[in-house]
Every structure is written in C-alpha cells, then in structure tokens.
Amino acid sequence: MHEETLVAAAANRQIILAETPKGKLGPEHFRLSSAPMPEPKDGEVLLRVRYISLDAANRAWMQGATYRDAVGAGSVMAGASISEVVESKAPGFSPGDIAFADTGWQDYAALPAKRVTKVPKIEPMKHLLSVYGIAGLTDYFGLLHIGQAAAGETVVVSAAAGSVGSLVGQIAKIKGCRVVGIAGGPQKCDWLVKDLGFDAAVDYKAGALFKTLKAAAPQGIDVYFDNVGGEIFEACLAQMKNHGRIACCGAVSAYDGAAPASGPRGVPGLIVVKRLTLKGFIVTDFFAERAAALADLQSWMKAGKLKVEEDIIDGLENTPAALIGLLAGENRGKRMVKVA
C-alpha cells in the first residue's frame, strides 16, 4: 500500500494521562485512545513515531511545570521520540528524514518544524535515543562541562545502572578517573564493575550507605553526578572534597509519590565549608555544542571504549507499564519503547 494511502487509512493510537497521580504512578492513571490521523499545516511536519524515550523526568512532568509545561489529565502523555518524517510542509524536511521531537506517546504527531530536530541516519536507530541521544549528551556535558572531571579524580554517580549513569561512569573511566557507581541490588552492582569497568559499586538497598561509600571512595569525592537527590545526595555531599563539583541532573527519589518532608541535611553548611560548586543543567542548554560531543561519542564507540545497554519494550500499549517499571528500577541501561 502506498505510504500516503496507508497514513490516510490509519487511526492514531494515543496514550492519555487519564488522571494526575497523587501517589505512586499506576496503570490506572493511563488509557489507550484512538484519534484521527493528524494533518500537517503549513510549516509543520507529520512524524511517524519509531522509538519513545522513557525517562524518570516523565513522572516529574505530571507534578507541575518544570523546564517544560506540566502534563495535565486528559492530554496525550508527553515524551520524546525518534521518528520518521512521513509528510513535510516545511522547508528543510523531506519524507524519510529521521527526527527527534517531543511527539508524546502516540503513533503519529504533526508538529511545527521549529520543534523538530533532524538527526543523522545512524544504525541501529535505537542508538539515537541512547548513546547518541539525550542520554549520551547528558552524560557528556554533565560530567565534562558541569562536573569538569579530570584524570586522577574520584567520580561518584547515582542511578549508575540507568541510561545516564551507566554511560557517565564509562566516560569518566575514559578520562582517567576512579569511578564509583551507586545502584540498587547486587546484580546491578556486579554488572557495573565486571562488565562496564567501574572501580567500585555501592548497593544503596543493602543499608549502611555512608559507611559503604566511604570504603569505596576513602579519599573523598571530587565529582558527584547526581541523578536521584534525597538520602543518596546527602551521603555524597558529606564526603565531597574541598572545591568538589556536583552536577545536578535529576531527583528521581522525589518524583514518584509524596514530596519529601525536608531537603538533604548539610545544605547550605557543607557547601560553604567545603567551597563546593553545585550546578543544575538541562542537556538542551548545550545543543549548540552537540556536534563535537557526538564526534567524541562515536569515536569512543568505534574504539570499543563504550558499552551501550538498551532495554527495549515492544508496543505503544506497553508504554505506561514500561515507565512504571523504570521508576521501580527494573531497567538496566536505556529503556525505550519500540512503536514501529
């Protein structure tokens, strides 16, 4: 069947946020719906979603406005994807182009071209959401530009078995750092050390986090790449060296459920005493420099210095369960949903 005929005949499946969760996210907060096929207007492109990125930030967007508008009940669940251009009414885009955009959780989306980024046709395409996508770029800029990690320093990364953390640790090793990962469970910790080359791994679920972290990084921490906030942030903060740097990437410990009663202890006291630098960042802040980052990432991949773990779930209808599982720590590496 001709592509235009196929598009015209197809319905557009969508995952709707049916209700804003007040506690833990559950399947009851979503529903699968069907809508007419969107039609691009002048200046827009019609995208067919291929892979949807699943990130802890998806849950944060349900709580209110962050660096983007909140996702409200009754709307298509927001989320970034790698998509294929089906039809273009905008200069610079042609059918068959591959693009990155916030399409939401649906089969097709018509978006203004200014909200769509053309990306190289790299195979496998799934790498455009992991090592060459938001995850890889977040690692690169967060560790090297925000954390300014240098050879001989000790780098600690939380959520180390996730899409961001697993690559952060490997890039730090490439740069000559000693790397300690914090993850949940002995299997993930073994994987970090034996497969990814981390120097040590700390299981935060085993208890005695402060003591175990101290043993893994006895000289203290130069750079902490924070993905979780909460008690793990607190434990790392107390073990930072003078003039250490903390790259604040996320706070997944506070996303799914009631807000914590209070912030981590030691703020601002330890920040002052140790003369620490804490800086939050969003990867899009650095998009003007992504070509250089991608060149390094591709070079390291070609040289076999990076191992990429991708956790792929099939089917748009399974996206809610896949996000719920990610928030529970089911995944290892980058979790995504293959839609088409």
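Bear in mind that the values here come from a model prediction, so they are computed numbers and not experimental data.
Residue I15 holds its CD1 atom at 11.5 Å from CG of L323, rounded to the nearest 0.5 Å. Here the CG atom belonging to D311 is positioned 11.5 Å from the OG atom belonging to S130, to the nearest 0.5 angstrom. For the atom pair CG (N331) and CD1 (I312), the distance works out to 12.5 Å, reported to the nearest 0.5 Å. Separation of atoms CG (L128) and CD (E123) is listed at 8.0 Å; rounding is to 0.5 Å. The CD1 atom of I271 sits 6.5 Å away from the CD1 atom of I246 when rounded to the nearest 0.5 Å. A distance of 8.0 Å separates CG in N58 from CG in L326, rounded to the nearest 0.5 Å.
Note on residues 209-223: pairs passing side-chain hydrogen bond (donor to acceptor under 3.5 Å, both in side chains), not counting sequence neighbours, are D222-K241. Under the ring pair (Phe, Tyr, Trp, His ring centres under 6.0 Å) criterion, no residue pair touches residues 206-248, with sequence neighbours excluded. Residue pairs meeting the side-chain hydrogen bond (donor to acceptor under 3.5 Å, both in side chains) criterion with at least one member in residues 312-325, sequence neighbours excluded: R13-E317. Listed by first and then second residue, the ring pair (Phe, Tyr, Trp, His ring centres under 6.0 Å) pairs that reach into residues 23-56 are F30-W105, sequence neighbours excluded. For residues 26-37, there are no salt bridge (charged side-chain N to carboxylate O under 4.0 Å, His left out) pairs, not counting sequence neighbours. Pairs passing the salt bridge (charged side-chain N to carboxylate O under 4.0 Å, His left out) check and including a residue from residues 137-166, sequence neighbours excluded, read E153-R245. For the side-chain hydrogen bond (donor to acceptor under 3.5 Å, both in side chains) condition, the pairs that include at least one residue of residues 230-240, sequence neighbours left out, are E234-R265. Residue pairs satisfying the side-chain hydrogen bond (donor to acceptor under 3.5 Å, both in side chains) criterion with at least one member in residues 284-306, sequence neighbours excluded, are listed as follows: Y140-D296.
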| E310/K126 under salt bridge (Lys or Arg N to Asp or Glu O under 4.0 Å): CA gap, chis, key distance, verdict | CA-CA 8 Å; E310 292 162 331; K126 58 187 181 175; 3.5 Å; yes
| field | Criterion side chain to side chain donor-acceptor pair (under 3.5 Å) on S81 and T103, from CA distance to verdict | value | CA-CA 6 Å; S81 76; T103 55; 2.8 Å; yes
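Between D42 and K89, no side-chain nitrogen of the basic residue sits less than 4.0 Å from a carboxylate oxygen of the acidic one, so the salt-bridge criterion is not met. For R335 and D55, the salt-bridge test fails: no basic side-chain N is under 4.0 Å from an acidic carboxylate O. Salt-bridge check for E309 with R332: passed, with a basic side-chain N closer than 4.0 Å to an acidic carboxylate O. With salt bridges taken as basic N to acidic carboxylate O contacts below 4.0 Å, one links R68 and D102.
Here the side chains of L46 and E39 are not in contact, with every heavy-atom distance at 4.5 Å or above. V339 places a side-chain heavy atom less than 4.5 Å from the side chain of V337. Annotation: side chain of L237 is in contact with side chain of L276 (closest heavy-atom distance under 4.5 Å). Side-chain atoms of L196 and W191, non-hydrogen and from C-beta on, do get closer than 4.5 Å to each other. The side-chain heavy atoms of K338 and R50, taken from C-beta on, include no pair separated by under 4.5 Å. The shortest side-chain heavy-atom distance between I98 and S83 does not fall under the 4.5 Å cut-off. For the pair V180/F198, no side-chain contact is recorded, criterion being any heavy-atom separation below 4.5 Å from C-beta on. You'll find the side chain of C236 reaches within 4.5 Å of the side chain of I221, heavy atoms only.
In this structure, D195 contributes its side chain and L192 its backbone to no donor-acceptor pair below 3.5 Å. The closest donor-acceptor contact from the side chain of D203 to the backbone of G185 lies under 3.5 Å. Judged by distance alone, the side chain of S158 and the main-chain N or O of N227 form a donor-acceptor pair under 3.5 Å. K334 contributes no side-chain N or O that, together with a main-chain N or O of G162, makes up a donor-acceptor pair within less than 3.5 Å. Looking at Q63, its side chain never comes within 3.5 Å of a backbone N or O of R59 through a donor-acceptor pair. At distances below 3.5 Å, not a single donor-acceptor pair connects side-chain atoms of K307 with backbone N or O atoms of L167.
The side chain to side chain donor-acceptor pair (under 3.5 Å) check on E44 picks up nothing, with sequence neighbours excluded. Listed by chain and residue number, F141, H145 satisfy the ring-ring contact (aromatic ring centres under 6.0 Å, His included) test with F286 (two or more places apart in sequence, or in another chain).
In this structure, I16 belongs to a hydrophobic cluster whose other members, linked by side-chain heavy atoms under 4.5 Å apart, are V76. V116 belongs to a hydrophobic cluster whose remaining members, ordered by chain and number, are V45, L47, V85, F93, L111; membership requires side-chain heavy atoms of ILVMFWY residues under 4.5 Å apart, directly or through intermediates.
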